[in-house]
J.: 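Dropping a structure here in structure tokens format, bear with me for questions.
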Amino acid sequence: MDLARIAFFEKQEGQLCAQHALNALLQGPYFTAVDLSQLAMELDQQEASAMAEGGMDSAEYQRFMQAGSSNFDDSGFFSVQVISRALAVWNLDIRPIRSRDSAAALADPSSQDAFICNLDQHWFTLRRFGGSPNRWYNLNSTLNEPQYVSDTYLGMLITQLEAEGYSIFVVVGNIPPSEADLFAVEVPRPPPEALPTTARSATKQSDTEKDKAKTTPFSGKGNVLGGPVVEDANGAAVGTPSELTDDEMLARALAMSMGSSTPSDAAGMPPRQPSSDELQRAMAASLAEYDQNDKTLRRTLEMSMADSGVPRPQVQQNARVEQPAMSDAELMRRKRLERFGAK
């Protein structure tokens, strides 16, 4: 269950938004329109007495008296002076968020306990519960119910309100604890399904941005078949495909198909393995080079290619290397000599 169903909340009634904002802050029906009207009349009397010191016959005093009260009217509007006087009863005060004393609140709004916002004749409260930065709520009386505000969205909301012309006041002092504060201590963060749609979307977007910030960009280096590309001190690749002969690629393909490990070089580092395209070219050359009567060798090469996952090259049936006329025995001897150094 979310705090929206526990927090004290008054929906808009007439122009009594100042009353709703104060009671939302204090979490109880502590002020009525009559209470605030009495405070407003006291302020009017104090202001009239101050103006009378300059002479009751002065033009300034006469204009002041003719203008009527600036602290309240019949619609239910109350001035910021009335709000401040009402909070003083609870040892609370309000300060503009742009004042020098409110620098910390402007830098980190979630570290505060509450804000009171005003535009023209409308007042409403932003309040956190249980002292938790994850338990901020918009208690605007024009809403259907209290609306959850994430700590990330709080700063953006205040910036948006200022852009719309709102005056933001920081509530200073110890706000009396309420039932909703006690509940917030037990459940420090509302579950996602309990959040309003707008708050849930804002929270999801914030989490997505954090996840993006944790993503590690691709370094630009990768591995090739059989092991990493070896680099020298200057970062240049060593052992490029052009340095591997057809014999080396064929021998390594056979070793891979038979499950044997690739021999290490003199430095103890496994030599770079050829890619599938390179193996295909080497085996195609081997198949094309041997006579079609060498069935055993040809079958071995084809099995090696199938086991290693290398696509079988398309070799024409009549593909062969033109050789001078000689006996089969002499041809085989020369081929072994050329390939393996055997006599």
J.: Report yes if some heavy atom in the side chain of Asn144 is under 4.5 Å from a heavy atom in the side chain of Lys11; otherwise report no.
T.: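 Yes, at least one pair of side-chain atoms sits under 4.5 Å.
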J.: Is Ile97 linked to Met156 within one hydrophobic cluster, defined over Ile, Leu, Val, Met, Phe, Trp and Tyr using a side-chain heavy-atom separation of less than 4.5 Å?
T.: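 Yes, Ile97 and Met156 fall within the same hydrophobic cluster.
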J.: Mark yes or no: Arg135 above the aromatic ring of Tyr137, with NZ or CZ under 6.0 Å from the six-membered ring centre and no more than 45 degrees from the axis.
T.: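 No, a cation-pi geometry is absent between Arg135 and Tyr137.
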J.: Would you say Ser102's side chain and Pro96's backbone share a donor-acceptor pair under 3.5 angstrom?
T.: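 Yes, the answer is positive, given that a donor and an acceptor are paired below the 3.5 Å cut-off.
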J.: Ignoring hydrogens and angles, state whether a donor on the side chain of Thr142 or Asn140 is under 3.5 Å from an acceptor on the partner side chain.
T.: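 Yes.
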J.: Can you tell me how far CG of Leu3 sits from CD of Glu145, rounded to the nearest 0.5 angstrom?
T.: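 Here the interatomic distance stands at 11.5 Å.
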J.: Could you grab the distance from atom OG of Ser110 to atom OH of Tyr153, nearest 0.5 Å is fine?
T.: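 Rounded to the nearest 0.5 Å, the OG-OH separation comes out at 15.5 Å.
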J.: If you apply the rule side chain to side chain contact (heavy atoms under 4.5 Å, CB included), what do you find for Arg128 with Leu154, and how did you get there?
T.: CA-CA 10 Å; Arg128 77 172 180 176; Leu154 177 64; over 6 Å; no
J.: Nearest heavy-atom pair of Pro133 and Asp151: which atoms, and what distance?
T.: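 Taking Pro133 first and Asp151 second, the nearest heavy atoms are O-CB, 3.2 Å.
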J.: Which heavy atom in Ala180 sits nearest to a heavy atom in Gln27, and how many Å separate them?
T.: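 What the structure gives for the nearest pair is CB-OE1, 4.0 Å.
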J.: Would the distance check show the side chain of Thr159 and the main-chain N or O of Gly155 forming a donor-acceptor pair, the cut-off being under 3.5 Å?
T.: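 Yes: the side chain of Thr159 pairs with the backbone of Gly155.
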J.: Within the distance-only criterion (no hydrogens, no angle test), does the side chain of Arg95 pair as donor or acceptor with the backbone N or O of Val170 below 3.5 angstrom?
T.: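 Answer holds: no.
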J.: Hey, what do you get for CZ (Phe77) to CH2 (Trp123), rounding to the nearest 0.5 Å?
T.: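 Nearest 0.5 Å value for the CZ-CH2 distance: 7.0 Å.
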J.: Just wondering, do Val80 and Phe169 contact through their side chains at under 4.5 Å, heavy atoms?
T.: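 Heavy-atom side-chain distance check passes, below 4.5 Å.
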J.: Verify the cluster assignment for Phe9 and Leu25: are they in a single hydrophobic cluster under the rule of side-chain heavy atoms below 4.5 Å apart?
T.: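 Different hydrophobic clusters.
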J.: Is there a continuous path of hydrophobic side-chain contacts, each under 4.5 Å between heavy atoms, that joins Ile175 to Phe115?
T.: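 Different clusters: Ile175 never reaches Phe115 through Ile, Leu, Val, Met, Phe, Trp or Tyr contacts under 4.5 Å.
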J.: Answer yes if the side chains of Gln160 and Glu164 hold a donor-acceptor pair under 3.5 Å, and no otherwise.
T.: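 Looking only at side-chain atoms, Glu164 and Gln160 do form a donor-acceptor pair, the distance falling under 3.5 Å.
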J.: For Tyr30, does its backbone N or O pair with a side-chain atom of Asn23 as donor and acceptor, under 3.5 Å?
T.: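 Yes, the answer is positive, given that a donor and an acceptor are paired below the 3.5 Å cut-off.
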J.: So how far is it from Phe72 CZ to Leu39 CG, rounded to the nearest 0.5 Å?
T.: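 Phe72 CZ to Leu39 CG: 10.5 Å, rounded to 0.5 Å.
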J.: Roughly how far, to the nearest 0.5 Å, is the CG atom of Asn91 from the CG atom of Asn174?
T.: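 Asn174 CG to Asn91 CG: 9.0 Å, rounded to 0.5 Å.
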J.: Any side-chain heavy-atom pair from Trp90 and Leu26 closer than 4.5 angstrom?
T.: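 Yes, side chains in contact.
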J.: Between atom CG of Asp73 and atom CZ of Phe78, what is the distance when rounded to the nearest 0.5 Å?
T.: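 CZ of Phe78 is found 8.0 Å from CG of Asp73.
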J.: Looking at every heavy atom in both Ala24 and Thr125, which two are closest together, and how far apart are they?
T.: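 Heavy atoms only, the tightest pair is CB-CB, 4.4 Å.
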J.: Any side-chain donor paired with an acceptor under 3.5 Å for Asn71 and Ser79?
T.: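 Short answer, yes.
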J.: Do Val34 and Gln38 come close enough that some side-chain heavy atom pair is under 4.5 Å?
T.: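 Yes, close enough: below the 4.5 Å cut-off.
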J.: Could you check whether any side-chain heavy atom of His122 comes within less than 4.5 Å of a side-chain heavy atom of Ser141, counting everything from C-beta outward?
T.: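 The answer is yes, as the side chains (C-beta and beyond) meet within the 4.5 Å cut-off.
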J.: Out of curiosity, does Leu106 fall in the hydrophobic cluster containing Ile158 (side-chain heavy atoms, cut-off under 4.5 Å, transitive links)?
T.: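 Ile158 clusters together with Leu106.
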J.: Would you check if Cys17 and Gln12 make a side-chain contact, meaning some heavy-atom pair closer than 4.5 Å?
T.: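 A side-chain contact exists here, since the closest heavy-atom pair is under 4.5 Å.
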J.: May I have the step-by-step check of side chain to side chain contact (heavy atoms under 4.5 Å, CB included) for Val171 and Gln112, ending in yes or no?
T.: CA-CA 8 Å; Val171 178; Gln112 304 303 301; over 6 Å; no
J.: Could you state whether Leu139 and Leu182 fall into the same hydrophobic cluster, counting links through intermediate Ile, Leu, Val, Met, Phe, Trp or Tyr residues with side-chain heavy atoms under 4.5 angstrom apart?
T.: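 Different clusters.
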J.: Are the side chains of Ser178 and Phe8 in touch, meaning some heavy atoms are under 4.5 Å apart?
T.: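 They are not in contact (no side-chain heavy atoms under 4.5 Å apart), so the answer is no.
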J.: Using the side chain to side chain contact (heavy atoms under 4.5 Å, CB included) rule, take Asn138 and Trp136 through it: C-alpha gap first, then chi angles, then the decisive distance, then the call.
T.: CA-CA 7 Å; Asn138 184 348; Trp136 278 92; over 6 Å; no
J.: Do the non-hydrogen side-chain atoms of Leu87 and Ile116 ever get within less than 4.5 Å of each other?
T.: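 Sidechains of Ile116 and Leu87: in contact.
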J.: Around Glu179, counting heavy atoms of other residues, nucleotides and ligands shown, do more than 12 lie under 6.0 Å from its CD?
T.: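 Open: at most 12 neighbouring heavy atoms sit under 6.0 Å from CD of Glu179.
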J.: Between Leu22 and Leu36, is a side chain to side chain contact (heavy atoms under 4.5 Å, CB included) present by the stated rule, with each step listed?
T.: CA-CA 10 Å; Leu22 288 169; Leu36 297 179; 3.7 Å; yes
J.: Considering all heavy atoms of both residues, which atom of Gly173 and which atom of Asp113 are nearest to each other, and what is their separation?
T.: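 In terms of heavy atoms, the two residues are closest at O-OD2, 4.1 Å.
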